[in-house]
Amino acid sequence: MTDISKAPTIVDAASCGLAPGGISSHARQVIERLKDAGYTAYLVGGCVRDLILGKEPKDFDVVTQARPEEIRQVFRNARLIGRRFRLAHVHFGREIVEVATYRAAPSDGPEDDGGNVFGTLEEDAFRRDFTVNALYYDPDEGLITDYVNGLSDLAQAQLRVIGDPEARFREDPVRMLRAVRFAAKLRLRLTEDGRRLLPALGPLLQDVAPARLFEEVLKLFHTGNALATYEALCEHRLFEVLFPGVAAVLGPHADPDSLLARALANSDLRIAEDKPVTPAFLFAALLWEAVQEEAVHSIAEGAPPAEAWMQAAEHVLREQLRIVTIPKRFSVPMREIWSLQSRFERRAGRHAFRFLESKRFRAAYDFLGLRAAAGEAQESLFDWWTRFQEAAASEREAMVAALDGQAEKRPRRRRRRRAAGG
Ligand code: ATP
Ligand code: MG
């Protein structure tokens, strides 16, 4: 129940377990300066939520009563950004603190389309998506202001939509993806009334701008909880809306043995180890099973393999772009990762040496590793390439020489299930 009284609850932050030590000194400074100039100002959103949960916030967002022009007058180092909704970026060397003016919910249209509709602190709280994202913290006084019972939801690990969930999801369908992302990342449980709506309202995501969905897909899969997020997206029937071609092949449920699940688990591990991850590789893994299904099917019907793979890649990508944009700078290397897979099978003569020198070798090799683990390429082939990279020059010659006479084996293809219904 969102039975909300008008008067906010104001609570001592320490009693909620908020450790002030984790706050950026720049954000703190911004709030102090705004308050000194006579405006109210708070930290809000993900950073307050994360601090209470004992997690390190990604960034610190400040909201204030001051209008954008007024914010600029307080800070020398502030720049106004945003065409429709103006907000200020206060620069401290490489750190930027985002400062927004309180705003009311736009009367219609999604969050993104809102123009400058300034509002009160209370209106600012109610236009936000989830109660745990609408907590205001004044680090100066050490107090949290809560209009929406967010503190009690947070204490009970509940993710609750502010207001009527159906209306809020219809107003901005991306909130459904945010719900799944926050639930997976923060181990919160979306309240039943919200959960129930996801399968039915999921298709509304088809009306969201594909460029915005690209940004959301990166947040879903590139923030260290990709596997759990994928499972939750499947559970709530949202994955099939974002990636219909892939879901038709993999089925509606997350398959832990699929190449995709392995790729996501692997990228979670890389993020945990502070290693880089790239959208090209992510999308290569996301779409691969659809490409491979289509190519194998065409080849079985007599199409020449090289052409079959190329056309499958092109077709799968084209269909995907109707829903989620994949900028060229990522889709080009993605397709390269796919097309290079056949080169691992050609090792004789100078082939292996030349391939090793190519710019995209490493990504293609990592992808081969996923295919081998998923039972779709030979482990022995992957092992050979692992050794070949590590070997000294003379040893490499010997490895290639040893291949002579030994016919290159074709990889065994895993039999695939076609999802019922699709
Ligand atoms: P994180 O940055 O850790 O992913 P966050 O909660 O800070 O999580 P942001 O996307 O940075 O998420 O948004 C900041 C705040 O803006 C949110 O906490 C929420 O209060 C509000 N907000 C963001 N997107 C929406 C939306 N689509 N609808 C309503 N409120 C939103
Ligand atoms: Mg944030």
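Heavy atoms only: backbone and side chains are in, while hydrogens, waters and symmetry mates are out. Every number for a ligand or one of its atoms is a count from 1 in the order of the listing.
- Neither the backbone nor the side chain of M176 comes within contact range of ligand 1; no heavy atom lies under 4.0 Å.
- Within ligand 1, the atoms closer than 4.0 Å to a non-hydrogen atom of R181 are 4 (O), numbered from 1 in the order shown.
- Under a 4.0 Å criterion applied to the non-hydrogen atoms of R127, ligand 1 contributes the atoms 29 (C), 30 (N).
- A donor-acceptor pair is defined here as one N or O able to donate and one able to accept, closer than 3.5 Å; such a pair exists between the side chain of R168 and the backbone of I162.
- When atom types are taken as modelled, the side chain of D164 and the backbone of A167 share a donor-acceptor pair closer than 3.5 angstrom.
- Judged by distance alone, the side chains of T131 and Y147 never bring a donor and an acceptor atom under 3.5 Å apart.
- Without hydrogens or angle criteria, E98 side chain to H89 main chain gives no donor-acceptor distance under 3.5 Å.
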Determine whether L282 and L218 satisfy the following criterion, side chain to side chain contact (heavy atoms under 4.5 Å, CB included), listing intermediate values before the conclusion.
CA-CA 9 Å; L282 172 69; L218 288 191; 4.0 Å; yes

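- Listed by number with element, the atoms of ligand 1 under 4.0 angstrom from any heavy atom of K185 are 3 (O).
- Taking all heavy atoms of D129, V132, D50, D61 into account, the minimum distance to atom 31 (C) of ligand 1 is reached by D129.
- The closest side-chain donor-acceptor pair between Q389 and R362 falls under 3.5 angstrom.
- Ligand 1 lies less than 4.0 angstrom from a heavy atom belonging to F182.
- Counting atoms of ligand 1 from 1 in the listed order, those under 4.0 Å from a heavy atom of R49 are 1 (P), 3 (O), 5 (P), 6 (O), 8 (O).
- For the pair D172 and ligand 1, a heavy-atom separation below 4.0 Å is found.
- The line from CZ of R262 to CG of D257 is 5.0 Å long, rounded to the nearest 0.5 Å.
- One option in R168, K58, K55, R128 has a heavy atom closer to atom 21 (C) of ligand 1 than any other, and that option is R128.
- The ligand atoms of ligand 1 that sit less than 4.0 angstrom from a heavy atom of G46 are 5 (P), 6 (O), 7 (O), 18 (O).
- Defined by atom type and a distance below 3.5 Å, a donor-acceptor pair is missing between the side-chain atoms of T145 and Y137.
- Close approach of ligand 1 to G45 is summarised as follows: ligand atoms under 4.0 Å from at least one heavy atom of the residue are 18 (O).
- Of all the atoms in ligand 1, the ones that sit under 4.0 Å from a non-hydrogen atom of R212 are 27 (N).
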